[in-house]
Amino acid sequence: MPAQVPSRDEHRRRFAALDVTERRAIIKAVNKGQAVDKRKHAPLAVGVARQQQRFWRWAWVVGPIIGLVQLRAGWQAAVVNGLIGTMVLAALCWFWVNRARRAEDANLQRMGTRRKR
């Protein structure tokens with residue numbers, strides 16, 4: 001029987017119970033888009049990958065906010081800075097969401113389950 005991904009509260013509790021080096025190893029593996037070394041940490045890595053996907057899916061919204069904050073400098077500067085900020089953050093979002101998806105898939109495979117599409 002494949003391992004189950006813990007609920008958010010259970011994930012928080014189990015992740016907090018790990019020591020710093022184990023937490024760092026899980027986060028490092030997810031940031032690289034890879035599976036964790038220890039199979040028992042795979043469900044926690046899936047949770048971390050899903051959290052990162054939720055965060056990065058909406059982080060691009062900061063770009064237009066950058067433009068709105070700079071309206072006092074003039075609308076042209078606000079538009080240019082907002083567009084540049086949005087494009088840079090959208091590229092970062094795309095990069096990190098794809099890495100988190102790869103890590104989720106790799107760790108789900110390590111657990112013996114598949115992603116629900």
Side-chain angles (χ1 to χ4, degrees):
M1 184 168 139
Q4 296 292 324
V5 177
S7 66
R8 282 188 186 182
D9 292 333
E10 177 68 14
H11 177 270
R12 252 184 242 115
R13 187 188 64 71
R14 287 175 52 188
F15 194 74
L18 297 174
D19 66 353
V20 175
T21 56
E22 290 176 318
R23 281 185 269 179
R24 192 173 293 145
I26 292 170
I27 292 171
K28 190 181 285 189
V30 171
N31 285 342
K32 290 181 179 181
Q34 300 171 349
V36 290
D37 293 333
K38 296 182 180 179
R39 188 169 188 237
K40 72 175 187 173
H41 291 160
L44 296 173
V46 169
V48 170
R50 288 177 180 170
Q51 286 175 347
Q52 286 188 5
Q53 288 177 54
R54 276 192 301 275
F55 172 78
W56 284 107
R57 197 170 289 132
W58 291 101
W60 67 271
V61 175
V62 175
I65 294 171
I66 291 169
L68 289 175
V69 169
Q70 297 180 358
L71 277 174
R72 290 178 50 192
W75 70 270
Q76 296 94 344
V79 169
V80 169
N81 288 331
L83 286 174
I84 291 171
T86 302
M87 289 187 310
V88 168
L89 285 166
L92 282 171
C93 290
W94 178 83
F95 177 79
W96 288 112
V97 165
N98 282 332
R99 279 242 175 135
R101 282 184 184 150
R102 277 190 304 195
E104 181 184 7
D105 289 340
N107 285 296
L108 283 172
Q109 187 176 30
R110 188 161 176 100
M111 290 169 45
T113 61
R114 290 189 175 167
R115 175 196 289 256
K116 295 177 183 171
R117 300 239 179 221

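No hydrogens, no waters, no symmetry mates; every other heavy atom, side chains included, goes into these values.
In terms of heavy-atom proximity, Arg110 sits nearest to Arg39 at O-NE, 2.8 Å. Between Arg57 and Val97, the shortest heavy-atom contact is N-CG2, 3.9 Å. In terms of heavy atoms, Ala103 sits closest to Ala49 at CB-CB, 4.4 Å. Contact between Trp56 and Leu92 at its shortest, heavy atoms only, is CZ3-CB, 4.2 Å. Contact between Gln34 and Asn107 at its shortest, heavy atoms only, is O-ND2, 3.4 Å. In terms of heavy-atom proximity, Ile66 sits nearest to Asn81 at CG2-O, 4.2 Å.
Surrounding CZ of Arg14 are more than 12 heavy atoms belonging to other residues, nucleotides or ligands, all under 6.0 Å away.
In the hydrophobic clustering of this structure, Phe55 groups with Val88; members are Ile, Leu, Val, Met, Phe, Trp, Tyr whose side-chain heavy atoms approach within less than 4.5 Å, directly or through other members. Note on Val48 and Val46: separate hydrophobic clusters, where clusters join Ile, Leu, Val, Met, Phe, Trp and Tyr whose side-chain heavy atoms are under 4.5 Å apart, directly or indirectly. Follow the hydrophobic side-chain contacts under 4.5 Å out from Val36 and you never reach Val20; the two are in separate clusters. Follow the hydrophobic side-chain contacts under 4.5 Å out from Trp60 and you never reach Val79; the two are in separate clusters. One hydrophobic cluster, built from ILVMFWY side chains closer than 4.5 Å, holds both Val62 and Val80.
Counting only N and O atoms by type, the side chains of Thr21 and Asp19 include a donor and acceptor under 3.5 Å apart.
Gln76 CD to Leu71 CG: the interatomic distance, rounded to the nearest 0.5 Å, is 10.5 Å. How far CG of Leu89 is from CD1 of Ile84: 12.0 Å, rounded to the nearest 0.5 Å. Annotation: the span from Gln52 atom CD to Asn31 atom CG amounts to 5.0 Å, rounded to 0.5 Å. Between Arg12 atom CZ and Gln51 atom CD the span is 7.0 Å, to the nearest 0.5 Å.
Residues Arg102 and Asn98 have side chains not in contact (no heavy-atom distance under 4.5 Å, counting atoms from C-beta outward). With a 4.5 Å cut-off on side-chain heavy atoms, Lys38 and Glu22 count as touching.
Using a distance-only test at 3.5 Å, with no hydrogens or angles considered, no donor-acceptor pair links the side chain of Arg99 to the main chain of Gly33.
A salt bridge does not link Arg101 with Glu104: every distance from a Lys NZ or Arg NE/NH1/NH2 to an Asp or Glu carboxylate oxygen is 4.0 Å or more.
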